[in-house]
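The structure under discussion appears below in the form of structure tokens.
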There are 2 protein chains.
Amino acid sequence: MAAKANPVPSVWTRQQSPPDQPALSRTAIVREAVVMLDADGIEALSMRKLGARLNAGATSLYRHVATKDELMELAVDEVAAEITVPPADAARGGAGWRAAATEAAGSFRATALRHPWLSSVLGQAGLAYLGPNLMSYSERLAALFTAAGFPEPSRAIDTLLSYVIGMSTTEAAWLTTVARSGDSEGDFIARLMPAAQQAAADHDHLAEAYADAAVRAPVDPVALRDAKFTYGLEVVLDGLEMRLTA
Amino acid sequence: MAAKANPVPSVWTRQQSPPDQPALSRTAIVREAVVMLDADGIEALSMRKLGARLNAGATSLYRHVATKDELMELAVDEVAAEITVPPADAARGGAGWRAAATEAAGSFRATALRHPWLSSVLGQAGLAYLGPNLMSYSERLAALFTAAGFPEPSRAIDTLLSYVIGMSTTEAAWLTTVARSGDSEGDFIARLMPAAQQAAADHDHLAEAYADAAVRAPVDPVALRDAKFTYGLEVVLDGLEMRLTA
DNA sequence: AGGGGTTGCGAACACTGTGCGCGTCTGCGT
DNA sequence: ACGCAGACGCGCACAGTGTTCGCAACCCCT
């Protein structure tokens, strides 16, 4: 880097001790990677571009990160820190656990939608699961569901998380394709409708559903997605509650 | 291909009308792509290798498929044909819908585990959703849940599918990393335990859970995954049933 | 017999992740 | 104050990727 900041190599042009940016560090690399992923999606992240952003060569990154896959695991754990879980006390006594679980689920979804590339990565998931932030996340969930009084907390957690992951990844993937189209979500849906209707032409139930949707006044797609998420969440929580009281 | 099979150009060396393998066709390409994906995972599929498998050059494929992404969408729809849904009659009368839903969910999971690359692709999902097989799948689900008497069938379907997708992708991703390790699932778990326990050292609930697992007699991991899946499935179905009778 | 449309292909382009060896810089032990 | 070992950054190179383009061979219809 010194060589680059000093293009004419001579004793006279050399700066003695430049304030020097924080240099290159693992955390700085991961942080910038997350920024790039959020901005331009997963296939826009390359080691060269990431290096360039940090005023570094591509291969310099390999001093701090073994491989790109490892970098992705670190990125996952980095954003995992954003997911909040209410303190376990909130669930003690049996009343508050539903609100607490709802909040935890909502926080997961919000994080997944804020970082849509997460969905693409969860499917290939090396063992990011062992990252400190994800570990702490699991721990807090376990504390919450144990305090709530579940006989098999891990089972309940797996169930809830599966639902939340399934819904969130689907949603994130949808939003990614919408974003790539350049249109707003509403416009994209409108533009997609004809094709969808034609594809559904031979299928009675689907055709009817599309026809109904076309007749009704157009709904805010964001509100619709929210409603869909909370509906399913209530279903899962109802099912879990039966295991709690029984 | 004729030119390749016929390196000496002359009337005499030319084969008149060789039985000729089915040549190159969209369906043949997609079918072979699925075979390769199943065998070696998603990152092992390249256009050149796929072409080679079909005795064709890489670029020849582009006569039948616009882009690799499109090929992946076709592959998804191809395997979607394997997912079965019981006929709607099974659900009429209210009794059989649970068994039918269970079977549909199980079939989805089985397909996802048979083709683990599906999980990696669902996260980026272009609009494979419009493929004929997936459309027919949605239709049969809609028929089933409508016959079961759900007031909002699509809501129920979305909920169930989210759970099944979440659980299955997680499972498939796990199985993929296991497979890459070369070990059996049991051995891999054993090899992973120390690291997991160390990572969980500072987290009470997790540490306890790991300790319990270490004490108990080792369980067949396959059976354990099956149990986990059906537990969550029952939870979701219970929650749905409340919406049905109400 | 001829010609038009379809199909396959080789070369080429712009990129990718990553290994290697070299120069430079830094901090520590004397 | 000095010297040196280790950490650090970097350019080059390699093998491989998806995809475009122009050309050649083939089939079928007139």
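Protein chains get the first letters and strands the later ones, always in sequence-line order, with residue 1 at the start of each.
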base_contact_polar (dG10(C) base, Thr59(B) side chain, donor-acceptor, <3.5 Å): yes
Validation row, ring centre Trp174(B) to ring centre Phe188(B) under 6.0 Å: yes
Within-4.5 Å side-chain heavy-atom neighbours: [X] and [Y]:
| X | Y | value |
| --- | --- | --- |
| Thr176(A) | Ile42(A) | no |
| Val79(B) | Val34(B) | yes |
| Arg109(B) | Asp226(B) | yes |
| Leu71(A) | Leu61(A) | no |
| Leu175(A) | Pro116(A) | no |

Which residue lies more 5' along DNA chain C, comparing Met47(A) with Arg63(A) via nearest heavy atoms: Met47(A)
Please tell me if [X] has a side-chain N or O lying less than 4.0 Å from either OP1 or OP2 of [N].
| X | N | value |
| --- | --- | --- |
| His64(A) | dG9(D) | yes |
| Ser60(A) | dC10(D) | yes |
| Ser46(B) | dT17(D) | yes |
| Lys49(B) | dT17(D) | yes |
| Thr67(B) | dG18(D) | no |

Distance check needed: [N] [atom2] versus [X] [atom1], whole Å only.
| X | N | atom1 | atom2 | answer |
| --- | --- | --- | --- | --- |
| Lys68(B) | dT17(D) | NZ | C1' | 8 Å |
| Asn55(A) | dC8(D) | CG | P | 18 Å |
| Leu24(A) | dT26(C) | CG | C1' | 16 Å |
| Tyr62(B) | dT17(D) | OH | P | 11 Å |
| Glu70(B) | dG18(D) | CD | P | 15 Å |

Salt-bridge contact Arg225(B)-Glu185(B) (side-chain N to carboxylate O under 4.0 Å): yes
Check: Ser184(A) side chain, Asp187(A) main-chain N or O, donor-acceptor pair, under 3.5 Å: yes
Heavy-atom pair of closest approach, residues Met72(A) and Val121(A): CE-CG2, 3.4 Å
Sugar-phosphate, base or nothing in reach of Leu61(A), heavy atoms under 4.0 Å: nothing
Touch class at under 4.0 angstrom, heavy-atom based, for Leu71(A) against every strand present: nothing
Angle of first-five versus last-five pair axes in the helix from dA1(C)-dT30(D) to dT30(C)-dA1(D), to 10 degrees: 10°
Residues within residues 30-39 of chain B bordering DNA chain D, heavy-atom distance below 4.0 Å: none
Residue Arg48(A), side-chain atoms from C-beta onward, closest of dT18(C), dT19(D), dC9(C): dT18(C)
Aromatic plane relationship, Phe229(A) with Tyr163(A) - under 30° parallel, 30 to 60° tilted, over 60° perpendicular: parallel
